[in-house]
Amino acid sequence: MSNIITRCAIIGGGPAGYTAAIYASRAGLAPLLVQGMQPGGQLTTTTEVENFPGYPQGVSGTEMMEEFRMQAERFGADIRTGAVASVDFTSRPFRLELESGDVVVADSVIVATGAKASYLGLPDEEKFMGLGVSACATCDGFFYRNRRVAVVGGGDTACEEALYLSTLAKQVFLIVRKPFLRASKVMQQRVFERENIQVLFNTNTLGLFGEEVLEGARLVEFKGEANERVYDLDIDGFFLAIGHKPNTDLFRDKLALDAAGYIVVDSPSTRTSVEGVFAAGDVADPNYMQAVNAAASGCRAAMDADRFLQQQ
Ligand SMILES: Cc1cc2nc3c(=O)[nH]c(=O)nc-3n(C[C@H](O)[C@H](O)[C@H](O)COP(=O)(O)OP(=O)(O)OC[C@H]3O[C@@H](n4cnc5c(N)ncnc54)[C@H](O)[C@@H]3O)c2cc1C
């Protein structure tokens, strides 16, 4: 067990954390980054990234994040494996206890712990991940041009994803558990008016099937009722739009969080409710969950941390 002292500790090794590390190290803060159980972050779970500027031919998510990490290390960022187990933001310098038992003592902290998409928990969701199953229409919709896709969910996000996909796909099915949509009236109207969206109310997904890639979903309508009907829907893409969970359990009662658990920042800065603690990426952004946005806010967090330290 050891005590590690740093000007700037970064929690999270995704696009936000690594970008913060590039900027903080170039600003001379010699940051220490703890990258947690998913080095490289969410992009390491996808195959091809085609929308990050600078990669005209596309790039594998894992390869891109490897390059982010190497760029941060080139300027001296100290990148550690392992996760942060607890934080103490009650006084400065802040204290982070790692799962290894090591303690990081930091003058400033950047939180970039990301978020997780929610899945239905079907056995085949993982099997077809990247082979038909996706939780991000903006990321993967392009691969389904002129194909048949389904979106699961009944809220604003699901309607937005369905509308977006309807501009690319031939046919979109919106699978809704309830007999109504939870989305705002205006979103509902747009969905109902779009010719190639069909809303399947009172419908649950029982499973997914396909040989190598996704070929369809087994659905049940009116589950458990007299008129229950089980049938197979042929689709090429299955998009989850049932929400995200920000990775903020560690910060409950330590930082101000919104009702959904996202860290509240004093936008457009990355300042949190604790002076000297900043937040970047998906953990503080339920709206623009894309790598380029996460990277940009990582840059802002490092600049905010640098300015804060200069004022001290
Ligand atoms: C399947 C999929 C495909 C996607 N495709 C695209 C795409 O094509 N283009 C695009 O722009 N976006 C895409 N996205 C979205 C993109 O991945 C996210 O917007 C982006 O990764 C968010 O970056 P982040 O740094 O905020 O968080 P994340 O990438 O979620 O990284 C969070 C980091 O925090 C770490 N962490 C968490 N808890 C702790 C802890 N206690 N201690 C230490 N570290 C911790 C994790 O290990 C991880 O390293 C995709 C997402 C998914 C899931």
Side-chain angles (χ1 to χ4, degrees), residues 42 115-126 128-129 132-209 214-246 257-262 282 285-290 293:
Q42 293 171 66
K116 276 189 218 74
S118 303
Y119 289 86
L120 293 173
L122 303 170
D124 284 337
E125 269 172 333
E126 207 164 315
F128 292 115
M129 197 70 73
V133 170
S134 171
C136 178
T138 314
C139 312
D140 297 330
F142 191 72
F143 301 117
Y144 297 90
R145 274 163 301 162
N146 299 320
R147 316 277 290 273
R148 285 159 59 92
V149 301
V151 176
V152 181
D156 274 325
T157 306
C159 288
E160 249 172 57
E161 304 267 270
L163 286 163
Y164 174 73
L165 287 167
S166 72
T167 63
L168 300 163
K170 186 163 64 187
Q171 176 74 48
V172 178
F173 300 94
L174 185 57
I175 301 174
V176 185
R177 228 169 2 129
K178 305 233 162 94
F180 55 85
L181 289 170
R182 278 184 296 107
S184 58
K185 284 279 172 275
V186 63
M187 289 304 280
Q188 294 192 27
Q189 195 180 341
R190 280 186 205 150
V191 164
F192 293 137
E193 281 171 1
R194 192 63 56 91
E195 269 181 8
N196 62 342
I197 299 181
Q198 184 181 345
V199 185
L200 307 176
F201 286 116
N202 301 300
T203 301
N204 285 280
T205 309
L206 294 176
L208 303 171
F209 57 85
L214 180 77
E215 291 170 21
R218 175 151 292 189
L219 306 181
V220 56
E221 191 184 19
F222 298 115
K223 189 169 181 226
E225 293 178 34
N227 51 349
E228 177 176 303
R229 180 171 76 103
V230 175
Y231 64 100
D232 289 341
L233 182 72
D234 291 343
I235 45 169
D236 307 294
F238 184 77
F239 288 82
L240 285 307
I242 52 174
H244 281 81
K245 187 184 176 305
L257 306 180
D258 71 11
Y262 288 87
D282 284 8
D285 178 5
N287 295 309
Y288 300 104
M289 305 176 106
Q290 287 289 282
N293 293 319

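Because the structure is predicted, anything quoted here is derived from the model rather than measured. In what follows, residues are counted from 1 in the order of the sequence shown.
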Please tabulate, one pair per line, all N/O donor-acceptor pairs under 3.5 Å involving side-chain atoms of residues 201-208, not counting sequence neighbours.
| unit_1 | atom_1 | unit_2 | atom_2 | d |
| --- | --- | --- | --- | --- |
| T203 | OG1 | L200 | O | 3.4 |
| T203 | OG1 | F201 | O | 2.7 |

For residues 223-230, run the donor-acceptor check on the side chains, cut-off 3.5 Å, and write out each pair with its distance to 0.1 Å, sequence neighbours left out.
| unit_1 | atom_1 | unit_2 | atom_2 | d |
| --- | --- | --- | --- | --- |
| E228 | OE1 | G224 | N | 2.5 |
| R229 | NE | E221 | OE1 | 3.1 |
| R229 | NH2 | E221 | OE1 | 3.3 |

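Once rounded to the nearest 0.5 Å, the distance linking CZ of R190 with CD1 of I197 reads 11.5 Å. Atom-to-atom distance recorded for I242:CD1 and T157:OG1 is 11.0 Å, nearest 0.5 angstrom. Going from atom CG of L240 over to atom OG of S118 covers 8.5 Å, rounded to the nearest 0.5 Å. Distance check, rounded to the nearest 0.5 Å: CD1 of I175 to CD1 of I235 gives 6.0 Å.
The one candidate from D236, D140, D234 that meets the salt bridge (charged side-chain N to carboxylate O under 4.0 Å, His left out) condition with R147 is D236.
The side-chain heavy atoms of P286 and H244, taken from C-beta on, include no pair separated by under 4.5 Å. By the 4.5 Å heavy-atom criterion applied to side chains, M187 and L163 are counted as neighbours. For the pair L174 and L181, the minimum side-chain heavy-atom distance is below 4.5 Å. Two residues are said to be in side-chain contact when any heavy atoms from C-beta on lie closer than 4.5 Å; R148 and L233 meet this criterion.
Screening residues 165-200 for ring pair (Phe, Tyr, Trp, His ring centres under 6.0 Å), with sequence neighbours left out, gives no hits. For residues 214-239, the pairs satisfying ring pair (Phe, Tyr, Trp, His ring centres under 6.0 Å) are Y144-F239, with sequence neighbours left out. Sequence neighbours left out, the pairs with a member in residues 179-188 that pass side-chain hydrogen bond (donor to acceptor under 3.5 Å, both in side chains) are D156-S184. Counting only residues at least two apart or on different chains, the side-chain hydrogen bond (donor to acceptor under 3.5 Å, both in side chains) pairs with a member in residues 163-179 are S166-R194.
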